**Q** 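What follows is a single structure, and I will ask about it in a moment.
Since the model is a prediction, treat every value here as computed from it, not as a measurement.
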Amino acid sequence: MLDYGPDAILMNGLDGRNWRLKEYEARDGYAALRKILSERIKPEDLIADLKKSALRGRGGAGFPTGLKWSFMPRAFPGPKYVVCNSDEGEPGTCKDRDLLRYNPHSVIEGMIIAGYAMTATAGYNYIHGEVWEIYEQFEEALREAYAAGYLGRNILNSDFSFELYAHAGYGLEGKKGQPRFKPPFPASYGLYGKPTTINNTETFAAVPWIVRNGGDAFLALGRPNNGGTKLFSVTGHVNRPGNYEVRLGTPFAELLEMAGGVRSGRKLKAVIPGGSSMPVLPAGIMMKTDMDYDSIAKAGSMLGSGAVIVMDDSTCMVRALERLSYFYFEESCGQCTPCREGTGWLYRVVNRIETGRGRIEDLALLDNVADNIAGRTICALGDAAALPVKSFIKYFRSEFVHHIDHKECPYGAVEPKWGRSGAHRHSLKEAA
Amino acid sequence: MNKEKVMLSAEALRKIDREVAKYPAEQKQSAVMSALIIAQDEKGWISTETMDEVAGYLGMPPVAVYEVATFYSMYNLHPTGKYKLTLCTCLPCGLQGALEAADHLRNRLGIDFNETTSDGRFTLKEGECMGACAMAPVLLVNNKKMHDYMSKEKLDQLIEGLK
Ligand SMILES: Cc1cc2nc3c(=O)[nH]c(=O)nc-3n(C[C@H](O)[C@H](O)[C@H](O)COP(=O)(O)O)c2cc1C
Ligand code: SF4
Ligand code: FES
């Protein structure tokens, strides 16, 4: 049996093999959909209960799901879409892979209910390119759901029809991945210009449980404004890296304990509590923080996607930031100047500090470049690149200064130890 | 010049048709990502001729296909080794042994990142997060088959098996 923790509701009863329809049904699967269709529950009542549950988006922004669903213009004629974002790729985040691998029907059922609640005609789950096997498995789960009458025309002999497809890779519209400017928001102009609601995999997976047990019950699992349980991907210097499902509001110290604690003989140094795009926090603050959206925000970071990156006292914070900055430089789509130019700039400056070529003015420069990216771009990737930089310097300034003063990395981390270092650093030097 | 064209097989086109059927009739271009994956599976890499064929098949301007193919790292725009090994070296994986795995692979194969072994069997690539961080080190073979918890022993076994 897979162990996600004693309070798991999304991942309980899973053993890695029992993902198929029959086994999902044995775990009360599709009971929520049956209940909705047989009792003809009104979409507005479903959405009201979802609001009560205080389910917040699990993809990063934490936006209240019930509120988002209420923005869909239900009376709008013609096609409307529900899209599931299974494009997980933010360093540290690896929960949707487990959800799709071990419990794909919970996502399918959640999406069908979303289609019903928002009178959408079709849905797409876009699954990022690297997890091809999970895409194929999801297609198999869809075939099962169609064969059982949960998808397609007149679902379970009701007058509700809904089609659902898996999309491989990125770019649902077949274009290169360049976010479009908002507004207009997807609820009025989304996929193919039609009203669309996008939620994360884990958000959809929580919906059947809420319908079966009620919004109040889900809320009671967590805290006010932070309903339910949440999957946290705990990575880095812990004894048992993995996904753990805990009630929102669980103290960080307890989550750390579940993951086996900091690896032996080492002390906790820093934690990025919500995926690589969020501010880093030092150990002292984290050990006093609870894992819910509001508590982590109060502590100065964000819960984000729930990826908890743990670093012990052997970690060079400059090197850690260098690698993160490289990620954002690599991932920038290049559409907005502050992000396209700024992410490369940030990376080059952190790289020069790490390799002993930094100047003390670089610290102010980094802050300044980060400030000039944040809030000035089309999508949130710009902010995601800027936030780590500011927080790393804020809390670990002395380590940056040490690199600059001594013209070397005190952790003895010499190239080409770190990834990208060899080939990439070489080309940087040539360019300089 | 008489350029020989090797078109996609009927089997590949059938697979592309299955993808096209998922989207509204006037939105065939939504299948371009998977069409390119299918084409790459068949040919090993994606040439301009292949992109042009996909464009024609989906009724897209060729440049729109080039844009997609050049934007994402999963497409090989040049021939690669028989097995493309992509190792995630991003921060979380790096904290959990991916860098040691990288060194092991480099030594074992005798190549650096972005190089191909002289027998044409392996190409080594560094990748960004693949969404499997807790199971680091994570390695992807030919963009499709993911291997996790890749200790040195498991890396050796994998390489032995890929002959
Ligand atoms: C650069 C960037 C990367 C993102 N990556 C993801 C992702 O991998 N998965 C995801 O669900 N949301 C991701 N998001 C957030 C989505 O844009 C969107 O807010 C989310 O899917 C909404 O679902 P939710 O309300 O259920 O969280 C990302 C946003 C940005 C700006
Ligand atoms: S912020 Fe960056 S990733 Fe987002 S649209 Fe602008 S350039 Fe592209
Ligand atoms: S950081 Fe390597 S898979 Fe996510």
**Q** Do NZ/NE/NH1/NH2 and the carboxylate oxygens of B/K145 and A/E133 come within less than 4.0 Å?
**A**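 Looking at A/E133 together with B/K145, the answer is yes, because their closest N to O distance falls below 4.0 Å.
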
**Q** Using a cut-off of under 4.5 Å for heavy-atom pairs, which of A/C333, A/G334, A/G174 has the most such pairs with chain B?
**A**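 When all of A/C333, A/G334, A/G174 are compared, A/G174 has the most.
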
**Q** What part of A/S276 lies closer than 4.5 angstrom to a heavy atom of chain B: side chain, backbone, both or neither?
**A**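 Contact with chain B is absent: no heavy atom of A/S276 under 4.5 Å.
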
**Q** Side chain, backbone, both or neither: which part of A/V238 has an atom under 4.5 Å from a heavy atom of chain B?
**A**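 Interface part for A/V238: neither.
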
**Q** Heavy atoms only: give me the nearest B/A136-B/C93 pair and the separation to one decimal.
**A**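 Smallest interatomic distance, heavy atoms only, reads CB-SG, 3.6 Å.
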
**Q** Between B/P92, B/S73, B/S34, which has the largest tally of heavy atom pairs under 4.5 Å with chain A?
**A**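 When all of B/P92, B/S73, B/S34 are compared, B/P92 has the most.
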
**Q** Checking A/Y124 now: which residues fulfil ring pair (Phe, Tyr, Trp, His ring centres under 6.0 Å) with it, not counting sequence neighbours?
**A**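 Residues passing ring pair (Phe, Tyr, Trp, His ring centres under 6.0 Å) with A/Y124: A/Y165, B/Y23.
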
**Q** Identify which part of A/T315 has an atom lying under 4.5 Å from any heavy atom of chain B, answering side chain, backbone, both or neither.
**A**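 Interface part for A/T315: side chain.
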
**Q** Quick test of your reading of the model: are B/K28 and B/E19 salt-bridged, counting only N-O distances below 4.0 Å?
**A**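 Salt bridge between B/K28 and B/E19, a charged N being under 4.0 Å from a carboxylate O: no.
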
**Q** Taking the basic N atoms (NZ, or NE/NH1/NH2) and the acidic carboxylate oxygens, is any pair closer than 4.0 Å for A/D313 and A/R266?
**A**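 Looking at A/R266 together with A/D313, the answer is yes, because their closest N to O distance falls below 4.0 Å.
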
**Q** If you tally heavy-atom pairs under 4.5 Å against chain B, which of A/R240, A/K95, A/R97 wins?
**A**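 Between A/R240, A/K95, A/R97, the count favours A/R97.
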
**Q** May I ask you to check whether over 12 heavy atoms, not counting those of B/K152, lie within 6.0 Å of atom NZ?
**A**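 It does not: B/K152 NZ has 12 such atoms or fewer within range.
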
**Q** Contact part of A/Y81 toward chain B, heavy-atom cut-off under 4.5 Å: side chain, backbone, both or neither?
**A**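 For A/Y81, the contact with chain B is made by the side chain alone.
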
**Q** Please identify, among B/M74, B/M33, B/M135, the residue contributing the most non-hydrogen atom pairs under 4.5 Å to chain A.
**A**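 Ranked by heavy-atom pairs under 4.5 Å with chain A, first place is B/M33.
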
**Q** Looking at A/R263, A/H167, A/K175, A/E331, which makes the most heavy-atom pairs under 4.5 Å with chain B?
**A**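 Going by pairs under 4.5 Å, I would pick A/H167.
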
**Q** Considering only heavy atoms and a distance below 4.5 Å, find which of A/G89, A/G236, A/A168, A/A259 pairs most often with chain B.
**A**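 Most pairs with chain B among the choices: A/G236.
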
**Q** So that I can tick it off, tell me whether B/R108 and B/E160 are bridged by a salt bridge, with the cut-off set at under 4.0 angstrom between side-chain N and carboxylate O.
**A**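 Counted as a salt bridge, because a side-chain N and a carboxylate O are separated by less than 4.0 Å.
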
**Q** With side chain to side chain donor-acceptor pair (under 3.5 Å) as the test, would you mind laying out the steps for B/T48 and B/Y66 before giving the verdict?
**A** CA-CA 8 Å; B/T48 309; B/Y66 305 162; 5.8 Å; no

**Q** For B/N142, which atoms come within 4.5 Å of any heavy atom of chain A: side chain, backbone, both, or neither?
**A**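 Contact with chain A involves no heavy atom of B/N142 at all.
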
**Q** Examine whether an atom of B/M130 lies under 4.5 Å from a heavy atom of chain A, and if so say whether it belongs to the side chain, the backbone or both; otherwise answer neither.
**A**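 Both parts, heavy atoms under 4.5 Å.
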
**Q** Which atoms of A/E90 come close to chain B, meaning under 4.5 Å heavy atom to heavy atom: side chain ones, backbone ones, both, or neither?
**A**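 The answer is the backbone of A/E90.
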
**Q** Side chain, backbone, both or neither: which part of A/D98 has an atom under 4.5 Å from a heavy atom of chain B?
**A**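 Contact with chain B involves the side chain of A/D98 alone.
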
**Q** State whether a side-chain donor-acceptor pair under 3.5 Å links A/E88 with A/T93.
**A**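 Side-chain D/A pair, A/E88 to A/T93: absent.
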
**Q** Counting only non-hydrogen atoms closer than 4.5 Å, does B/E67 touch chain A with its backbone (N, CA, C, O), its side chain (CB onward), both, or neither?
**A**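 For B/E67, the contact with chain A is made by backbone and side chain together.
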
**Q** My understanding is that only residues two or more places apart in sequence, or in another chain, count here; which of them pass ring pair (Phe, Tyr, Trp, His ring centres under 6.0 Å) with B/Y75?
**A**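 Scan of B/Y75 (ring pair (Phe, Tyr, Trp, His ring centres under 6.0 Å), adjacent residues dropped) gives none.
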
**Q** Counting only heavy atoms closer than 4.5 Å, note whether B/I37 contacts chain A via side chain, backbone, both or neither.
**A**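 Looking at B/I37, just its side chain touches chain A.
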
